Amino acid sequence: MKRAILGAVAVATIALLPADSQAQRRAAASRPVQLAVGAGVAMPMSDLGDAVGTGFNVAFNGTKKLATAPVWLRGQLDLNMYGSQKVQAGGVEMKTSGNQIGGIFDVGHDFASSSSAKPYVLGGLGIIRNSLKQSMNGVSVSGDKTELGINVGGGMKFRLGGRTAWLEARYLAAGDFDALPITFGVNF
């Protein structure tokens with residue numbers, strides 16, 4: 001009698017396991033947006049790299065995983081502050097600094113991996129405000145322009161304590177401002 005009960009419990013447990021894992025996947029997909037904060041270095045590229053120096057990047061984002069697919073959506077607020085660069089020409093010193101602030105909407109894809117580090121790619125569009133300030137012999141001129149930006153990159157997700165952390169590099173182009181932010185972040 002005990003063997004029959006144990007056998008029935010074992011069969012029921014095995015039969016219910018797939019349903020439980022599907023339920024877990026549905027619960028993960030219905031989870032609210034996961035918030036994250038990140039910071040890192042912002043390297044100006046192209047003509048912007050001639051005008052300003054390397055700076056820092058701060059990012060705040062929310063990510064929503066889609067159902068059982070390896071695809072996710074992410075909205076991000078991004079701030080890139082570039083260092084000042086001084087140029088001496090003909091006895092005149094010119095100092096230039098700049099920044100970018102904007103909102104970006106990305107679609108990402110996680111790749112399957114047996115490692116604890118999970119690679120991903122992402123890309124998307126956003127609205128970016130580019131600002132540049134130039135000073136020459138005590139006279140300052142500044143300007144800003146809001147542009148449509150494109151964002152393409154990749155990174156790795158990994159466990160850090162009880163949280164998920166990530167390290168990513170993205171190419172960000174908005175008007176004449178091209179940059180390579182490299183960001184380390186933690187999900188909450």
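If you're wondering where the values come from, they're calculated on a predicted model, not measured in any experiment. The figures here come from the full heavy-atom set of this structure, side chains too, leaving out hydrogens, waters and symmetry mates.
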Report the C-alpha separation of I101 and I128 in whole Å, then their side-chain angles, then the decisive distance to 0.1 Å, and conclude whether the side chain to side chain contact (heavy atoms under 4.5 Å, CB included) test is met. CA-CA 6 Å; I101 187 167; I128 311 293; over 6 Å; no
Go through the steps to decide whether N151 and D106 satisfy the test side-chain hydrogen bond (donor to acceptor under 3.5 Å, both in side chains), and finish with yes or no. CA-CA 8 Å; N151 182 55; D106 288 318; 2.8 Å; yes
Pair E168-L122, side chain to side chain contact (heavy atoms under 4.5 Å, CB included): steps then yes or no: CA-CA 10 Å; E168 72 181 24; L122 61 96; 3.4 Å; yes
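The NZ atom of K118 lies 11.0 Å from the CZ atom of R159; values are rounded to the nearest 0.5 Å. Atom-to-atom distance recorded for Q134:CD and T96:OG1 is 4.5 Å, nearest 0.5 angstrom. Atom CD of Q34 and atom OG1 of T63 lie 7.0 Å apart (nearest 0.5 Å).
Transitive grouping of hydrophobic side chains (ILVMFWY, heavy atoms separated by less than 4.5 Å) keeps L73 and I104 in distinct clusters. Follow the hydrophobic side-chain contacts under 4.5 Å out from L79 and you never reach M45; the two are in separate clusters. One hydrophobic cluster, built from ILVMFWY side chains closer than 4.5 Å, cannot hold both L35 and F60; they sit in different ones. Using a 4.5 Å cut-off between side-chain heavy atoms of Ile, Leu, Val, Met, Phe, Trp and Tyr, with links allowed through other members, L172 and L148 fall into different hydrophobic clusters. In the hydrophobic clustering of this structure, F105 does not group with L77; members are Ile, Leu, Val, Met, Phe, Trp, Tyr whose side-chain heavy atoms approach within less than 4.5 Å, directly or through other members.
Applying the side chain to side chain donor-acceptor pair (under 3.5 Å) test to pairs two or more places apart or on separate chains, those with a residue in residues 141-150 are R129-D144. Within the structure, the salt bridge (Lys or Arg N to Asp or Glu O under 4.0 Å) test picks out no pair touching residues 91-103 (sequence neighbours left out). Residue pairs satisfying the ring-ring contact (aromatic ring centres under 6.0 Å, His included) criterion with at least one member in residues 166-188, sequence neighbours excluded, are absent. Residue pairs satisfying the salt bridge (Lys or Arg N to Asp or Glu O under 4.0 Å) criterion with at least one member in residues 41-56, sequence neighbours excluded, are absent. For residues 75-88, the salt bridge (Lys or Arg N to Asp or Glu O under 4.0 Å) pairs, not counting sequence neighbours, are D78-R170.
Scored by the side chain to side chain donor-acceptor pair (under 3.5 Å) test, S135 finds S140 as partners (sequence neighbours excluded). F111 meets the ring-ring contact (aromatic ring centres under 6.0 Å, His included) test with H109; sequence neighbours excluded. Qualifying salt bridge (charged side-chain N to carboxylate O under 4.0 Å, His left out) partners for D178, counting only residues two or more places apart in sequence or in other chains: none. The ring-ring contact (aromatic ring centres under 6.0 Å, His included) test applied to W72 returns Y120, not counting sequence neighbours. With sequence neighbours excluded, the residues that form a salt bridge (charged side-chain N to carboxylate O under 4.0 Å, His left out) with K157 are D110. With sequence neighbours excluded, no residue forms a side chain to side chain donor-acceptor pair (under 3.5 Å) with S116. In this structure, R163 has no side chain to side chain donor-acceptor pair (under 3.5 Å) partners at least two apart in sequence or on a different chain.
The two residues N187 and A36 make their nearest non-hydrogen contact at OD1-CB, 3.1 Å. Residue G55 comes nearest to V41 through the heavy atom pair O-CG2, 3.4 Å, listed as atom of the first residue, atom of the second, then distance. Minimum interatomic distance between N80 and A42 (heavy atoms only, all atoms of both residues): OD1-CB, 3.9 Å. Heavy atoms only, all atoms of each residue included: F158 and A117 are closest at CB-CA, 4.3 Å. P181 and N57 make their closest contact through CB-ND2, 3.8 Å (heavy atoms, listed as atom of the first residue, atom of the second, distance). Considering all non-hydrogen atoms of both residues, T183 and A59 come closest at CG2-CB, 4.5 Å.
The environment of K133 atom NZ is sparse: at most 12 non-hydrogen atoms of other residues, nucleotides or ligands sit within 6.0 angstrom.
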